[in-house]
Amino acid sequence: MASLVSSPFTLPASKADQLSSLSQKHFFLHSFLPKKINNLPNSKSSLKVKCAAIGNGLFTQTTPEVRRIVPENKSNLPTVKIVYVVLEAQYQSSLSSAVQSLNQNSNFASFEVVGYLVEELRDENTYKTFCKDLEDANIFIGSLIFVEELALKVKTAVEKERDRLDAVLVFPSMPEVMRLNKLGSFSMSQLGQSKSPFFQLFKRKKQGAGFADSMLKLVRTLPKVLKYLPSDKAQDARLYILSLQFWLGGSPDNLQNFLKMISSSYVPALKGTKVDYSDPVLFLDSGIWHPLAPCMYDDVKEYLNWYGTRRDVNEKLRGPDAPVIGLVLQRSHIVTGDESHYVAVIMELEAKGAKVIPIFAGGLDFSGPVERFLIDPVTKKPMVNSVVSLTGFALVGGPARQDHPRAVEALMKLGVPYIVALPLVFQTTEEWLNSTLGLHPIQVALQVALPELDGGMEPIVFAGRKSHALHKRVEQLCTRAIKWAELKRKSKTEKKLAITVFSFPPDKGNVGTAAYLNVFASIYSVLKDLQKDGYNVEGLPETAEALIEDVIHDKEAQFNSPNLNVAYKMSVREYQNLTPYAPALEENWGKPPGNLNSDGENLLVYGKQYGNVFIGVQPTFGYEGDPMRLLFSKSASPHHGFAAYYSFVEKIFEADAVLHFGTHGSLEFMPGKQVGMSDVCYPDSLIGNIPNVYYYAANNPSEATIAKRRSYANTISYLTPPAENAGLYKGLKQLSELISSYQSLKDSGRGQQIVSSIISTARQCNLDKDVELPEEGEEISAKERDLVVGKVYSKIMEIESRLLPCGLHVIGEPPSAMEAVATLVNIAALDRPEDGISSLPSILAETLGRNIEDVYRGSDKGILKDVELLRQITEASRGSISAFVQKTTNKNGQVVDVADKLSSILGFGINEPWIQYLSNTKFYRADREKLRVLFEFLGECLKLVVADNELGSLKQALEGKYVEPGPGGDPIRNPKVLPTGKNIHALDPQAIPTTAAMQSAKVVVDRLVERQKVDNGGKYPETVALVLWGTDNIKTYGESLAQVLWMIGVRPVADTFGRVNRVEPVSLEELGRPRIDVVVNCSGVFRDLFINQMNLLDRAVKMVAELDEPVEQNYVRKHALEQAKALGIEVREAATRVFSNASGSYSSNVNLAVENSSWNDEKQLQDMYLSRKSFAFDCDAPGAGMTEKRKVFEMALSTADATFQNLDSSEISLTDVSHYFDSDPTNLVQNLRKDGKKPSAYIADTTTANAQVRTLAETVRLDARTKLLNPKWYEGMMSSGYEGVREIEKRLTNTVGWSATSGQVDNWVYEEANSTFIQDENMLNRLMNTNPNSFRKLIQTFLEANGRGYWETSEENIEKLRQLYSEVEDKIEGIDR
């Protein structure tokens, strides 16, 4: 086993200040340091581990000198100099040994060689050395160069020397680099244009795995064919193909013969010298390899026969009862002898009692070998219990082009958990350990994000570069793989499951918090199902309500207990024995047991056990109530109670799997690296060795991805509740009736009178903030009357048609077909040009010779006839889709076989239900063909909406089967998100922003700029402060990212594979306005998922700041020059605009402070925001991760004229979650601006086809009217009982959050909420009886809003609230007696 270091590395003491104090503790020494830690000299002068970037600020500081061999050449032989560039280091040892033995034994030439890893070329000095090395080189070799910016560097350097070089050999890489190939008369400069079969391969647009396979076949057969062709050209081509065979063969012998062949054929000094070389030794393209086996096998039966005869292992391992683990390996590591990391994994698995079947492939397609060697050809059953890929690549296509559907098909056939672990490629082990980012962004994109699309889980770093194993990581990887395998083998009755629920903010009324999910009803439905299936769930209560009581009330307590039910008391000694990392927590939390989740002597685990199922409550972060801790820029470690919970689950309850129930807990957001955990990252320590299954909302792929990467979760999606239109109520309904009568009577004498009623009713409904209303009794002309009515009408239609999720989802209860109508109407409202589908509104508008975009614009302006037409279009859309859905459902509202019904419907033309419906409207002439295409698509969508696989997938995961992967996102934009119950993944981070996203972004930016000019006396905004969210950018394929690019006036440039890694400036003429400066606040989740895009943005802003343009046309440059002068720094540094949290920390904590009422004044909230969000990403030192640049951050924010956020899906709006106000800097900017002027605050709403830019105040009002104050919404919530009350309280708390960060909440919102929930006796009693704890928090929030000056109201209202507060306190104490 190759071991890396035998002594701890030390650093000079001057670096001490850069260290986190944690890393100076002994228990933090890492996996592969020697086990004897106690005897390390505890000297003051040197530190053991450090977490800061060193040297050039890039990801790797290694140099090519370790790969340089200069011959002694005593006999004055001609020297052949070879320069090579490769992706990974596996060729280094093989090539070096080939060159050394040539230099010892050859009598015709001596060989000088130097090798570069492609990542090293980022460093300017290394790149200069590379160019210099090329100047006197004879031969250049390149392989697997797939990173665009580096590929272009290689191309530029080699192109200069190409004509002079004797030979240029490039093996599979980007086409730009492949075109450099030349061997004699053989060249690839026409790559992609020529007719030869070789070039045709590269032309295919979709070069998936097939490409690699056909290339291998070609390589096998061509030399035989070419041998018989006379021309030099054919011989040169033949030598190229032989070279590729030698290279893929990879062994020192093969490489030695390769160098002999090329140098003797092409180096002029050796012309005429007779050099003998052998043909390539060909290895199996794919097969089974074991380090102790006598040969490679291409038949799994033969391999298992050999396995059965092994003398070196015990009986048990050879017997039929051992778990079997399949491994997927890269052939190049095996043939180059660079395989010690593979050997380590095989040995570790066998030592833990598991059999292994290690398969490999030479190309980049592993799907064939998986089907051939891991599935029994006769029974079609898997021969393994779980599979671990050690390649780090996607199953099909490696780093180039992937074919995910092919991979998923193979893995579905196999049907076992699929883990993709990875060796480090771009960093040394030490560099990875020191990095707060963890893995290099490009490795994250290629080897974490892409395998996730195949359904891969658990991206554990198990080896360093040069293939040395990291023993502790290997041990964890193997234990986890065996645990997953055990799920397949254990019987259901003996399987133990720990269901974990969340309680946030910590309060009895909040146990079981999860986005859109009725948690206890869902758990109850899951447990009932598991019980039926044979799991032991002894003592499960009769109802979901009783289940809540069991968990949230401590039965031992004599009277009111603030505590939940205690499932286990853990003594401090037991805790310390079970939790090896406990000492690391003392820095933040003192000695155990501490005061969280403890009774002063023991640590308490809350929850309740039923048979083999434990339902536990995950502790919270622990610092949410402490304003001082909320100000720390880096998040604290988990507290002792948190650690004790997971120690209990793994080591005392001994769970076979943990099921985290709903979006989302705190485990995956604990401090540690962003991706590629080491064994001192808290998420890794906490989850330990337990398989983690996690129910996650389908519309939140970004946070689900964090859970996958940081807590190794198999994330299973659940549906958000069916959406409905908000509808109208009370005064709004009255307004709508008045407008109807106005339209029919406006030309009679009563027009004026009705308009007066409309105006006064609109005032009562507080619409005067959204629409300019004339004074009461003012005479207005008929034209003006139409406009006033049109504007009011447009506003109430906007409220009426707003989509809202009604109630909460219960796992395993899909919506009925009629509940799906509103969702289908919204799916139908979007054009889908890539599928040839027109939107229903546009088809209907065309019937009347109108363009739907014009109708939207007219309606926005309040033109009465357009508002009315839009209403008719909306009504016809709803009507025709309802008619269609009714036809496909049975009496109980369940969808019957849509396919049969559809084909019978589609056959009849005239009888199509939508045609029947439209024939009685003004749209009877709608285009039938377009309608048919659209409704076929809607039929497919309907099937997906009502399909139900949430329980099925959970059971598959618990039985150790593969869960089919699927994208997360918004089902309206992307129906492929459905059906739920898939293993959620995000997208290829390098694929955004797409061209379509760029188009949509331009529209929004133009509207934003127009709107700001109107509100700002015709002046352009100089700076916009905005937020980038992870989920939004996944759902919209990078729209908000594209908005930032368009504001500063640059466009993304995609490479041959469609990946975006470059930008170019758009000329000022084309832009037609100045470049607008930006301050970008990336959420912690965006930072983790899209670090490549942060790099892209930072490069873009700095490029724009350095353009030679007049400052009045380039605000980025204007401000950067001013700030550089003020701070005494370079312009490039002053142009830092891309900020987020420190690595491993999330959110500005403003939300925690507001939710827990733990803040004194707004200044304190603003300090939290500044201290947590002022970490910048620097494209010039990407390896340094996030560095604090608070001064630049404050100066940039102080120039902001507007703040801006995006809403991208109907399910999440401003008051539904606390993230939006948590990231809002409106009041903060006002305090930072020299003139103290409040910036305008805007929200772009792209939730419907008619994108809008509204002010923040308008959006908050719209939100309050459609949710908090809307009977349809709150009654929907009340029907969910205990959890529903909490949802109502949460909306009010988030509204207070907006008051605190922006001051944009109108007084009437609080006043109306008070009359809805408090003045109404009946409502008040329902709330109090259903969830008294949450009701108490509701009253507290009203009192807080008043006390902080956000709500002015009558003294008797406040008196009533105070009285209620003490009543509910008594009631809570009485209830629990």
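Excluded from the calculations below are hydrogen atoms, water molecules and symmetry mates; all remaining heavy atoms, backbone and side chain alike, are included. Small disclaimer: the values here were computed from a predicted structure and weren't measured.
S1145 contributes a side-chain N or O that, together with a main-chain N or O of S635, makes up a donor-acceptor pair within less than 3.5 Å. Counting only distance, with no hydrogens or angles, the side chain of S717 and the backbone of I984 share no donor-acceptor pair below 3.5 Å. One N or O on the side chain of D599 and one on the backbone of E601 form a donor-acceptor pair closer than 3.5 Å. Without hydrogens or angle criteria, S711 side chain to E668 main chain gives no donor-acceptor distance under 3.5 Å. A side-chain donor-acceptor contact under 3.5 Å links S571 to the backbone of E574. Although no hydrogens or angles enter the test, the distance criterion places a donor-acceptor pair under 3.5 Å between the side chain of E950 and the main chain of L719. Although no hydrogens or angles enter the test, the distance criterion places no donor-acceptor pair under 3.5 Å between the side chain of E587 and the main chain of W589. Here the side chain of K673 pairs a donor or acceptor atom with the backbone of L433 at under 3.5 angstrom. Judged purely by atom type and a 3.5 angstrom limit, K651 uses its side chain to pair as donor or acceptor with the backbone of L578. One N or O on the side chain of S525 and one on the backbone of I811 form a donor-acceptor pair closer than 3.5 Å.
V537 is not listed as a side-chain neighbour of N612, based on a closest heavy-atom distance of 4.5 Å or more. V448 places a side-chain heavy atom less than 4.5 Å from the side chain of L422. Side-chain contact check for Y712 versus I687: some heavy-atom pair is nearer than 4.5 Å. Contact check for P592 versus Q576: side-chain heavy atoms found under the 4.5 Å cut-off. The closest side-chain heavy-atom distance from L659 to Y695 is below 4.5 Å. D684 is listed as a side-chain neighbour of R473, based on a closest heavy-atom distance under 4.5 Å. Within the 4.5 Å cutoff, the side chain of V658 has no heavy atoms near those of the L497 side chain. Y418 is listed as a side-chain neighbour of S389, based on a closest heavy-atom distance under 4.5 Å.
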Go through it in stages, so that I can follow the logic: the residues are L585 and F642, the test is side-chain contact (heavy atoms from CB on, under 4.5 Å), and I'd like the CA-CA distance, side-chain angles, deciding distance and then a yes or no.
CA-CA 10 Å; L585 314 184; F642 201 100; over 6 Å; no

Please step through side-chain contact (heavy atoms from CB on, under 4.5 Å) for the pair D533 and K492, ending with a clear verdict.
CA-CA 8 Å; D533 235 28; K492 289 176 185 165; 3.5 Å; yes

Go through the steps to decide whether Q618 and T500 satisfy the test side chain to side chain donor-acceptor pair (under 3.5 Å), and finish with yes or no.
CA-CA 6 Å; Q618 185 188 67; T500 299; over 6 Å; no

I'd like to know whether H660 forms a side chain to side chain donor-acceptor pair (under 3.5 Å) with N692, so could you lay out the CA-CA distance, the side-chain angles of the two residues, the decisive distance to 0.1 Å, and finally the verdict.
CA-CA 7 Å; H660 286 99; N692 179 8; 2.8 Å; yes

Start with the C-alpha distance between Y718 and T663, add both sets of side-chain angles, then the distance that settles side-chain contact (heavy atoms from CB on, under 4.5 Å), and finish with yes or no.
CA-CA 10 Å; Y718 61 82; T663 307; 3.3 Å; yes

From CA spacing to verdict: side chain to side chain donor-acceptor pair (under 3.5 Å), E1289, S1334
CA-CA 7 Å; E1289 174 270 309; S1334 285; 4.7 Å; no

Test log, rule side chain to side chain donor-acceptor pair (under 3.5 Å), inputs Y610 and D550:
CA-CA 11 Å; Y610 301 103; D550 269 6; 2.7 Å; yes

Stepwise side-chain contact (heavy atoms from CB on, under 4.5 Å) check, H985 with T705:
CA-CA 6 Å; H985 58 69; T705 302; 5.8 Å; no

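For the pair G353 and L317, the tightest heavy-atom approach, listed with the atom from each and the gap, is C-CD1, 3.6 Å. In terms of heavy atoms, S1158 sits closest to L1152 at OG-O, 4.1 Å. The two residues V384 and I325 make their nearest non-hydrogen contact at CG1-C, 4.0 Å. Between P683 and P671, the shortest heavy-atom contact is CD-O, 3.4 Å.
Partners of S685 by side chain to side chain contact (heavy atoms under 4.5 Å, CB included), not counting sequence neighbours, listed by chain and number: Y581.
For the pair K496 and F653, the cation-pi criterion (under 6.0 Å, within 45° of the ring axis) is fulfilled.
How far CG of L487 is from CZ of R489: 11.0 Å, rounded to the nearest 0.5 Å. To the nearest 0.5 angstrom, E650 atom CD is 10.0 Å from T579 atom OG1. Atoms CZ and CE, on R710 and M677 in that order, are 4.5 Å from each other to the nearest 0.5 Å. Note that CG of N518 and CD of E1283 are 4.0 Å apart. Values are rounded to the nearest 0.5 Å. In this structure, N597 CG and N602 CG are separated by 12.5 Å, a value rounded to the nearest 0.5 Å. Separation of atoms NZ (K961) and CG (L414) is listed at 12.5 Å; rounding is to 0.5 Å.
Under 4.0 Å is where a charged nitrogen must lie from a carboxylate oxygen, and between R709 and E452 at least one such pair does. We find that K955 and D529 are joined by a salt bridge, their nearest charged nitrogen and carboxylate oxygen being less than 4.0 Å apart. Looking at E959 and K488, no side-chain N of the basic residue comes within less than 4.0 Å of a carboxylate O on the acidic one, giving no salt bridge. The pair K316-D321 fails the salt-bridge criterion, with no side-chain N (NZ, NE, NH1 or NH2) lying under 4.0 Å from an Asp/Glu carboxylate O. Salt-bridge check for E486 with K483: failed, with every basic side-chain N at 4.0 Å or more from each acidic carboxylate O.
For the residue pair Y1146 and D1088, a side-chain donor N or O sits within less than 3.5 Å of a side-chain acceptor on the partner. Side-chain contact annotation: N949 with S953, donor-acceptor N/O pair under 3.5 Å present. Side-chain contact, N700 with E703: a donor N or O sits under 3.5 Å from an acceptor N or O.
Ring to ring, H640 and Y575 are close: their centroids are under 6.0 angstrom apart. For F648 and Y568, the ring centers are positioned less than 6.0 Å apart.
Paired with E458 under the rule side-chain hydrogen bond (donor to acceptor under 3.5 Å, both in side chains), one option of Q476, K708, R480 passes, and it is R480.
Heavy atoms from other residues, nucleotides or ligands lying under 6.0 Å from CD of E494 number more than 12.
Note on ring orientation: taking the six-membered ring where Trp is involved, the planes of Y645 and F614 are tilted (angle from 30° to 60°). The aromatic rings of F520 and Y1282 sit perpendicular, their planes meeting at an angle over 60°, well past the 30° parallel limit.
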